[in-house]
Amino acid sequence: MTELAYALDTFYFLVCGALVMWMAAGFSMLEAGLVRSKNTAEILTKNIALFAIACTMYLLVGYYLMYSSSAGGVLPSLGFLLGGENSVDAVLAGGDDAPYYSARADFFFQVVFVATAMSIVSGAVAERMKLWAFLIFAVILTGFIYPVSGYWTWGGGWLAEIGFSDYAGSGIVHLAGASAALAGVLVLGPRKGKYGKDGTIYAIPGANMPLATLGTFILWLGWFGFNGGSELKVSDVTSANNMAQVLVNTNAAAAGGVIAALILAKAWFRKADLTMALNGAIAGLVSITADPLSPSALGATLIGGFGGLLVVVSIVCLDKLKLDDPVGAISAHGVVGIWGVLAVPLSNGSASFGAQIIGIFGIFAWVFVASLIVWLILKTVMGIRVSEEEEYEGVDLTECGLEAYPEFNVAKT
């Protein structure tokens, strides 16, 4: 029976990891739909390349930094990086005696989370960032920046010691990715033509709303692995029931986010804005990710619904501040990620608002400051923004040498 449970939990973990990997397709389709057609091939190149980079960097150093360090610490172990005998393979092999699943399954599940954090950055800096500057940043974020704050939390570091609670990563993954994205947007500046000198905001519509909608549904599906896999096992009655509750709540929160965002958009803009509904779904999912187990299904719907309201307000406010985020990533993953972390004590008696607030500030401060430094170095050394002419022509041709829709002679806007 023990061997059967081990096999079942390992298989469950791997399947959930595969579902989270499928979220990479969701981010790709969502972002490809929300950018202009002349920038589609480049955003797709970013997404497949960042996934490959995240997998490789987490294998080389990230997993070791995150899971081989002493409990309660601030700085992760640097033994492997400094030439010690330890390695990621050694950490994995040493964990094969884990109580209920293969350590390699744990690595596979964790590595796709890293890629998710980096995918959040991609959409926020779309349409004006140099491809290779972005990919170099991906190396640093996935190999070093994310694993440090990951060690603080899931790796047993100081945030875990004070009782910070984040079941599947509203703060650890989503706020972290949005913090890096915010730093990039501040250094990069807005797209040309987005804001007038008098403060007027000009909408820049995406090229393919069916594709963006498909991407959102893929993310919705993948999130069942994201949250469901974070239960970590399924081979006993309690764990199986917990996973069922997690999936019900995840779905309920997404639905609540869509409904709330759509109603607010209709009341505020007098239109049923599809992009707000799509971001409402993502906001609902991010809202419940910090604790999809403790609330009732109706409670999860309300938590997701508040996230849906919050994302609409945040997108409008960030636009007024001239923070140009083409896909609303900073709002949906960052602002709503904060709400998700703060919502945990509402239904989880073992969590405290104090620890949650400290966790929010700790993750944001580390990822934002570290990312800002990297972005500024990249700007100084190689530049991070394409020229005004290249931006007008579209980064598909200048960065990739091809167009996503060559048969259409689309006017440049």
Side-chain angles (χ1 to χ4, degrees), residues 30 120 164-179 182 216 219-220 223-224 226-227 230 245-269 271-321 325 327-357 359-361 363-364:
L30 176 63
I120 295 166
F164 177 70
S165 179
D166 192 353
Y167 184 98
S170 290
I172 297 166
V173 179
H174 295 279
L175 175 59
S179 300
L182 176 61
T216 302
L219 288 170
W220 195 325
W223 230 287
F224 295 137
F226 200 96
N227 288 355
S230 297
Q245 181 70 26
V246 165
L247 265 60
V248 167
N249 284 351
T250 298
N251 191 63
V258 172
I259 294 168
L262 197 59
I263 291 173
L264 180 57
K266 176 62 177 175
W268 196 350
F269 314 131
K271 301 292 182 182
D273 190 319
L274 173 61
T275 62
M276 292 300 181
L278 299 180
N279 270 307
I282 295 169
L285 291 162
V286 172
S287 296
I288 202 63
T289 294
D291 189 356
L293 178 59
S294 299
S296 65
L298 180 58
T301 305
L302 295 175
I303 290 170
F306 188 80
L309 298 176
L310 190 59
V311 76
V312 175
V313 174
S314 177
I315 288 172
V316 172
C317 290
L318 290 185
D319 243 357
K320 291 183 181 297
L321 294 172
D325 177 358
V327 304
I330 296 170
S331 296
H333 299 274
V335 174
V336 178
I338 292 172
W339 155 242
V341 173
L342 289 176
V344 173
L346 298 178
S347 57
N348 187 340
S350 65
S352 71
F353 284 108
Q356 298 302 94
I357 292 169
I360 289 167
F361 277 103
I363 292 168
F364 173 78

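Ala351 and Ser165 make their closest contact through CB-CB, 4.2 Å (heavy atoms, listed as atom of the first residue, atom of the second, distance). Taking every heavy atom of both residues into account, Asn249 and Ile288 meet most closely at O-CG1, 4.1 Å. Nearest heavy-atom pair across Ala343 and Ile303 is CB-CG2, 4.3 Å. Of all heavy-atom pairs between Ala355 and Phe164, the closest is O-CD1, 3.5 Å. When all heavy atoms of His333 and Ala178 are compared, the pair lying nearest together is C-CB, 3.9 Å. Looking at every heavy atom in both residues, Phe226 comes nearest to Ala168 through CE2-O, 3.0 Å.
Side-chain atoms of Asp166 come within 3.5 Å of backbone atoms of Gly171 as a donor-acceptor pair (strictly under, hydrogens ignored). A side-chain donor-acceptor contact under 3.5 Å links Gln245 to the backbone of Pro295. Looking at Asp273, its side chain never comes within 3.5 Å of a backbone N or O of Ala265 through a donor-acceptor pair.
For the pair Ser287 and Phe306, the minimum side-chain heavy-atom distance is 4.5 Å or more. The shortest side-chain heavy-atom distance between Phe364 and Leu182 falls under the 4.5 Å cut-off. Looking only at side-chain heavy atoms (C-beta outward), Val313 and Trp268 come within less than 4.5 Å of each other. Using a 4.5 Å cut-off on side-chain heavy atoms (C-beta onward), Val341 and Leu175 make no contact. Contact of the Ile282 side chain with the Val311 side chain is not registered, since no non-hydrogen atoms from C-beta on lie closer than 4.5 Å.
Put simply, CD1 on Ile338 and OG on Ser179 are 7.5 Å apart, with the number rounded to the nearest 0.5 Å. Atom CG in Asp325 sits 9.0 Å away from atom CG in Asp319 (nearest 0.5 Å). The CG atom of Leu247 sits 11.5 Å away from atom CG of Leu293, with the distance rounded to the nearest 0.5 Å. Between the OG atom of Ser170 and the CG atom of Asn227 there is a distance of 7.5 Å, given to the nearest 0.5 Å. Once rounded to the nearest 0.5 Å, the distance linking CG of Leu274 with OG1 of Thr216 reads 8.0 Å. Summarising the geometry, atom OG belonging to Ser347 is positioned 11.0 Å from atom CG belonging to Leu302; distances are rounded to the nearest 0.5 Å.
Within a 6.0 Å sphere centred on CZ of Phe269, heavy atoms belonging to other residues, nucleotides or ligands number more than 12.
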Handout entry: Residues Trp223, His174; criterion ring pair (Phe, Tyr, Trp, His ring centres under 6.0 Å); working and verdict
Key = CA-CA 12 Å; Trp223 230 287; His174 295 279; 5.1 Å; yes
Practice task
Any chance you could lay out the side chain to side chain donor-acceptor pair (under 3.5 Å) test for Asn251 and Trp220, step after step, and finish with the verdict?
Solution key: CA-CA 8 Å; Asn251 191 63; Trp220 195 325; 3.0 Å; yes
Practice task
Determine, step by step, whether Tyr167 and Ile172 satisfy the side chain to side chain contact (heavy atoms under 4.5 Å, CB included) criterion, reporting the C-alpha distance in whole Å, the side-chain angles of both residues, the deciding distance to 0.1 Å, and the verdict.
Solution key: CA-CA 9 Å; Tyr167 184 98; Ile172 297 166; over 6 Å; no
Practice task
Determine, stepwise, if the pair Ser331 / Leu318 fulfils side chain to side chain contact (heavy atoms under 4.5 Å, CB included).
Solution key: CA-CA 8 Å; Ser331 296; Leu318 290 185; 3.3 Å; yes
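The side chain to side chain contact (heavy atoms under 4.5 Å, CB included) check on Leu262 picks up Ala272, Ala277, with sequence neighbours excluded. For Asp291, the side-chain hydrogen bond (donor to acceptor under 3.5 Å, both in side chains) test picks out Ser294, Asn348, with sequence neighbours left out.
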